[in-house]
There are 2 protein chains.
Amino acid sequence: MSCRLGGGGITVVVVRTPTELTTAFRERGLKVTPQRQLLFRLLHANPTHPTAEALFATASEQMPGISLRTVYQTLNDLAAMGELRVLLFAGGSTRFDPNVSDHHHAQCDRCGELHDVYVDRLEALTVAGFDGFVAERASIVFSGLCAACSKLSNHPNQ
Amino acid sequence: MSCRLGGGGITVVVVRTPTELTTAFRERGLKVTPQRQLLFRLLHANPTHPTAEALFATASEQMPGISLRTVYQTLNDLAAMGELRVLLFAGGSTRFDPNVSDHHHAQCDRCGELHDVYVDRLEALTVAGFDGFVAERASIVFSGLCAACSKLSNHPNQ
DNA sequence: TGCTAATTCGCATGAGTTGCAGATTGGGTG
DNA sequence: CACCCAATCTGCAACTCATGCGAATTAGCA
Ligand SMILES: [Mn+2]
Ligand SMILES: [Mn+2]
Ligand SMILES: [Zn+2]
Ligand SMILES: [Zn+2]
């Protein structure tokens with residue numbers, strides 16, 4: 001396959017605000033610490049699909065002494081609550097996605113960046129395979145070159 | 001989404017025979033050792049998407065003393081030659097797929113088994129997202145319950 | 001203000017995989 | 001067939017990412 005992913009379409013993005021996450025934590029008897037509040041803020045509308053280490057690095061700037069262990073702890077709590085998606089890709093560590101909308105991803109082969117993709121009418125796919133499997137979800141990962149990297153490889157002067 | 005994956009469709013499976021892999025290795029100046037030959041055999045038409053550890057366990061029965069390091073070495077060589085696909089899923093270790101056909105996967109939430117799925121007309125999907133991304137490949141992972149596990153959860157007497 | 005369960009943090013531990021180097025060997029050469 | 005040497009094998013150390021643990025700290029409620 002080879003296709004260009006264009007704009008358009010309806011994109012319902014579901015990301016909780018720090019305030020909403022605070023309420024969600026309290027409702028479950030979980031405490032809201034300064035460390036957690038900071039992470040709520042760093043995750044809010046963060047489109048980078050960061051790793052735990054990346055969040056730790058940013059968090060450390062604003063709160064020196066925060067522990068990587070606490071970052072993992074909070075991310076795992078959020079994932080367990082369904083407020084964070086856990087993504088596994090080639091090339092190392094787990095990435096976290098505060099966008100819990102039903103969406104998919106496009107990963108650039110060259111720079112590794114990960115972009116959100118919204119796919120309509122997935123159920124229209126013609127699939128053949130294991131009889132009797134009842135699929136509840138589907139996750140698509142497109143790979144190729146992002147716009148920036150695509151331009152680079154079209155110019156002879158790289 | 002929720003759909004049942006049925007049979008039918010054309011499924012062109014591409015898996016090299018041990019003999020073909022032997023030739024491919026020699027052509028590239030790589031040696032064909034007893035260890036590699038054993039792994040070629042264990043991989044041939046293996047539908048289990050095994051991990052390195054799983055292959056090592058089976059290989060050890062037939063060749064006591066074979067090293068896990070050698071299993072990884074050979075799997076990496078095969079992957080570099082494009083004769084093996086490397087699959088990353090939740091729950092631990094890398095899985096290897098000797099089926100290098102253009103296909104996708106369905107993973108059971110309950111038993112974890114991985115089944116091959118063939119998808120037609122992928123390019124008919126309506127996608128919206130990052131403008132300018134040029135997608136060369138797509139990988140779909142369906143999740144839900146396999147036929148066996150699906151039956152179990154329909155019976156009240158679990 | 002005081003209590004207490006939840007949390008934080010630092011370190012140890014674990015799983016999975018790769019780096020390394022000395023011993024071994026496949027397979028081409030004479 | 002014997003020789004040679006680069007490729008390979010093996011065992012162990014090291015490395016990365018993530019989690020277990022427990023003493024010190026703290027959020028949130030009475
Ligand atoms: Mn995303
Ligand atoms: Mn497969
Ligand atoms: Zn790119
Ligand atoms: Zn199952």
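Chain letters run A, B, ... following the sequence lines, proteins first and then strands; every chain starts at 1. All of these numbers come straight from a predicted model, not from anything done at the bench.
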Enumerate donor-acceptor pairs with a distance under 3.5 Å from any side-chain N or O in residues 57-70 of chain B to protein atoms, sequence neighbours excluded.
unit_1 : atom_1 : unit_2 : atom_2 : d
T58(B) : OG1    : A54(B) : O      : 3.1
S60(B) : OG     : F56(B) : O      : 2.7
S67(B) : OG     : R69(B) : N      : 2.9

Let me have the donor-acceptor pairs involving side chains of residues 28-35 of chain A, under 3.5 Å, with sequence neighbours excluded, atom names and distances please.
unit_1 : atom_1 : unit_2 : atom_2 : d
T33(A) : OG1    : Q35(A) : OE1    : 3.4
T33(A) : OG1    : R36(A) : N      : 3.2

Hey, can you pull the donor-acceptor pairs under 3.5 Å for the side chains in residues 86-94 of chain A, sequence neighbours left out?
none

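With a cutoff of under 4.0 Å to any heavy atom of chain A, the contacted region of DNA chain C is bounded 5' to 3' by dA5(C) to dG10(C).
Contacts of residues 46-55 of chain A with DNA chain C (heavy atom under 4.0 Å): none. Applying a 4.0 Å cut-off to non-hydrogen atoms, none of the residues of residues 16-27 of chain B approaches DNA chain D. Annotation: proximity of residues 62-73 of chain A to DNA chain D (heavy atom, distance under 4.0 Å) is found for R69(A), Y72(A), numbered in ascending order.
The shortest distance between side-chain heavy atoms of V117(B) and I140(B) does not fall below 4.5 Å. With contacts defined as side-chain heavy-atom distances shorter than 4.5 Å, the pair L21(A)/M81(A) does not qualify. Side-chain contact between F40(A) and L78(A): present, with at least one pair of heavy atoms (C-beta onward) separated by less than 4.5 Å.
Toward the 5' end of DNA chain D, the nearer of the two residues P34(B) and N76(A), judged by each one's closest nucleotide, is P34(B). For L88(B) and D77(A), each mapped to the nucleotide of DNA chain C holding its nearest heavy atom, the one lying further toward the 5' end belongs to D77(A).
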Anything under 3.5 Å between a protein N or O and an N or O of nucleotides 4-6 of chain D, put it in a table, one pair a line.
unit_1 : atom_1 : unit_2 : atom_2 : d
dA6(D) : N3     : K31(B) : NZ     : 3.2

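Atom-to-atom distance recorded for L39(B):CG and L75(B):CG is 6.5 Å, nearest 0.5 angstrom. Taking SG of C146(B) as the reference point, atom CZ of R110(B) lies at 8.0 Å (rounded to 0.5 Å). Summarising the geometry, atom CG belonging to L43(B) is positioned 9.0 Å from atom OG1 belonging to T48(B); distances are rounded to the nearest 0.5 Å. The distance from atom OG1 of T19(B) to atom CD of Q37(B), rounded to the nearest 0.5 Å, is 9.5 Å. From L114(A), atom CG reaches atom OG of S143(A) across 11.0 Å, with rounding to the nearest 0.5 Å. Here SG of C111(A) is found 4.5 Å from CD of E113(A). Values are rounded to the nearest 0.5 Å.
F96(A) is linked by a ring-ring contact (aromatic ring centres under 6.0 Å, His included) to nothing, counting only residues two or more places apart in sequence or in another chain. Partners of R85(B) under the salt bridge (Lys or Arg N to Asp or Glu O under 4.0 Å) rule, at least two apart in sequence or in another chain, do not exist in this structure. With sequence neighbours excluded, the residues that form a ring-ring contact (aromatic ring centres under 6.0 Å, His included) with H49(B) are H105(B).
What you find for E20(A) and V15(A) is that their closest heavy atoms are OE1-O, 4.2 Å.
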Using the side-chain contact (heavy atoms from CB on, under 4.5 Å) rule, take D116(A) and D97(A) through it: C-alpha gap first, then chi angles, then the decisive distance, then the call. CA-CA 10 Å; D116(A) 287 342; D97(A) 194 346; 4.1 Å; yes
Can you list the steps and then say if D102(B) with H104(B) is a side-chain contact (heavy atoms from CB on, under 4.5 Å)? CA-CA 7 Å; D102(B) 184 18; H104(B) 303 272; 4.3 Å; yes
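Taking the screw axis at each terminus of the helix from dT1(C)-dA30(D) to dG30(C)-dC1(D) from five consecutive base pairs, the angle between the two is 30° to within rounding of 10 degrees.
For R36(A) and dA27(D), the shortest distance from a side-chain N or O to OP1 or OP2 is not below 4.0 Å.
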